[in-house]
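As the structure lists them, so they are numbered: ligands from 1, and atoms in each ligand from 1.
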Amino acid sequence: MPEADTQGEKNFFLDTPAATDAFFLKGSSGYDWGMQNRLARIFRPETGRTVMLAIDHGYFQGPTTGLERVDVSIPPLAPHADALMLTRGSLRTSIPPTHRGAVVVRASGGPSILKDLSHERIALDMDDAVRMNVSAVAVQVFVGGEHETDSVQNMTRLVDAGYRAGIPVLGVTAVGKELTRDARYLGLATRICAELGAQIVKTYYVSEGFERVTAGCPVPVVMAGGKKLPELEALTMAYRAVAEGAAGVDMGRNIFQSDSPLAMIQAVASVVHGGATPGDAHDLYRELRESALAPAG
Ligand code: R5P
């Protein structure tokens with residue numbers, strides 16, 4: 001028999017109404033606690049935004065420049081990312097389990113750069129995503145591609161499995177060589193991902209009409225980085241994307257192929273979370289790069 005609870009007077013805070021606040025992320029108020037908790041690990045509740053570091057390139061193109069040794073190059077950057085986006089192979093072999101940030105694991109794959117990239121299959125069982133304690137799974141969707149329907153079905157199957165486990169799905173809008181990268185196309189692709197259940201959508205920035213892409217997508221959109229640009233241009237692109245409605249970025253080569261990846265990821269975070277202008281963020285990048293190069297002592 002437990003002891004009676006006779007310790008002092010109880011306080012039910014009768015003057016304080018129970019919280020009824022909506023969840024902070026667009027389109028995400030109706031999810032279960034576990035899924036919302038995972039989303040709140042990826043997106044900072046204080047800003048509603050995320051800096052994801054994409055390092056999953058090896059799943060179709062092998063040892064990408066800057067990712068030859070993930071175990072060496074990525075752990076120093078990881079504390080500055082809200083989430084790492086990577087394969088389960090990289091996670092298990094090259095990221096210490098003491099990593100405390102969110103993990104978004106690649107869940108589709110199959111073809112290499114030697115073949116038709118749109119011919120992907122699901123490459124991860126949701127049980128394994130649970131085992132790795134990930135915050136979301138990522139799947140490529142090839143709207144307009146040769147294997148459009150298969151890739152959409154990969155996503156919808158993962159969404160169904162994700163709801164069973166409380167794990168959100170990041171739909172990545174892939175752009176093939178033959179597809180026009182404009183707001184009309186990206187608006188189509190992002191909306192399809194969201195309508196069919198993706199809880200987050202990743203897409204490219206376009207200078208004309210990006211605000212219509214984000215407005216037309218009922219879930220958070222994160223901006224993909226794309227090929228390596230000069231740092232100021234990449235910071236400007238990130239700045240415009242968040243100003244035009246993106247809930248953050250998921251950048252890879254523009255961070256890990258920078259002259260100073262550690263300086264660049266902090267500069268990107270200053271834009272995404274701190275509201276820094278591209279110029280201020282670039283100054284920060286140069287300062288951090290120079291201090292890293294300065295001889296010790
Ligand atoms: C998208 O196709 C994949 O997730 C890529 O491996 C990754 O996101 C590309 O990142 P970035 O274009 O910024 O290097």
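The residues Lys228 and Glu231 are annotated as salt-bridged, a charged nitrogen and a carboxylate oxygen being separated by less than 4.0 angstrom. Between Asp5 and Lys10 there is a salt bridge, since at least one side-chain N of the basic residue sits less than 4.0 Å from a carboxylate O of the acidic one. Salt bridge status for Asp160 with Arg157: absent, with no side-chain N to carboxylate O gap under 4.0 Å. In this structure, Arg191 pairs ionically with Glu195, as a charged nitrogen and a carboxylate oxygen lie closer than 4.0 Å.
Scanning the protein for heavy atoms near atom 5 (C) of ligand 1, the closest one is Asp56 OD1, 3.4 Å.
At a 4.0 Å cut-off, not a single heavy atom of Asn254 sits close enough to ligand 1 to count as contact.
Looking at Ser258, its side chain never comes within 3.5 Å of a backbone N or O of Phe256 through a donor-acceptor pair. A distance-only check finds a donor-acceptor pair linking the side chain of Thr190 to the backbone of Leu186 [under 3.5 Å]. Looking only at distances, no side-chain donor or acceptor of Ser94 sits under 3.5 Å from a matching main-chain atom of Leu91.
For a threshold of 3.5 Å applied to N or O pairs, the pair formed by Gly226 and ligand 1 contains at least one separation below that value. Considering both main-chain and side-chain atoms, Arg253 comes within under 3.5 Å of ligand 1 through a nitrogen or oxygen pair. The shortest N or O to N or O distance between Arg106 and ligand 1 is under 3.5 Å. Residue Gly252 places at least one N or O, backbone or side chain, under 3.5 Å from an N or O of ligand 1. Note: an N/O pair closer than 3.5 Å links His57 and ligand 1 by distance alone.
Within ligand 1, the atoms closer than 4.0 Å to a non-hydrogen atom of Met251 are 13 (O), numbered from 1 in the order shown. For ligand 1, the atoms lying closer than 4.0 Å to a non-hydrogen atom of Ala54 are 7 (C), 8 (O), 10 (O). Ligand 1 places these atoms under 4.0 Å from at least one heavy atom of Lys202: 4 (O), 7 (C), 8 (O).
Within the set Gln140, Met85, Gln257, Gln61, the minimum heavy-atom distance to atom 1 (C) of ligand 1 is found for Gln140.
No more than 12 heavy atoms of other residues, nucleotides or ligands lie within 6.0 Å of CD in Glu208, so this atom counts as exposed by the packing criterion.
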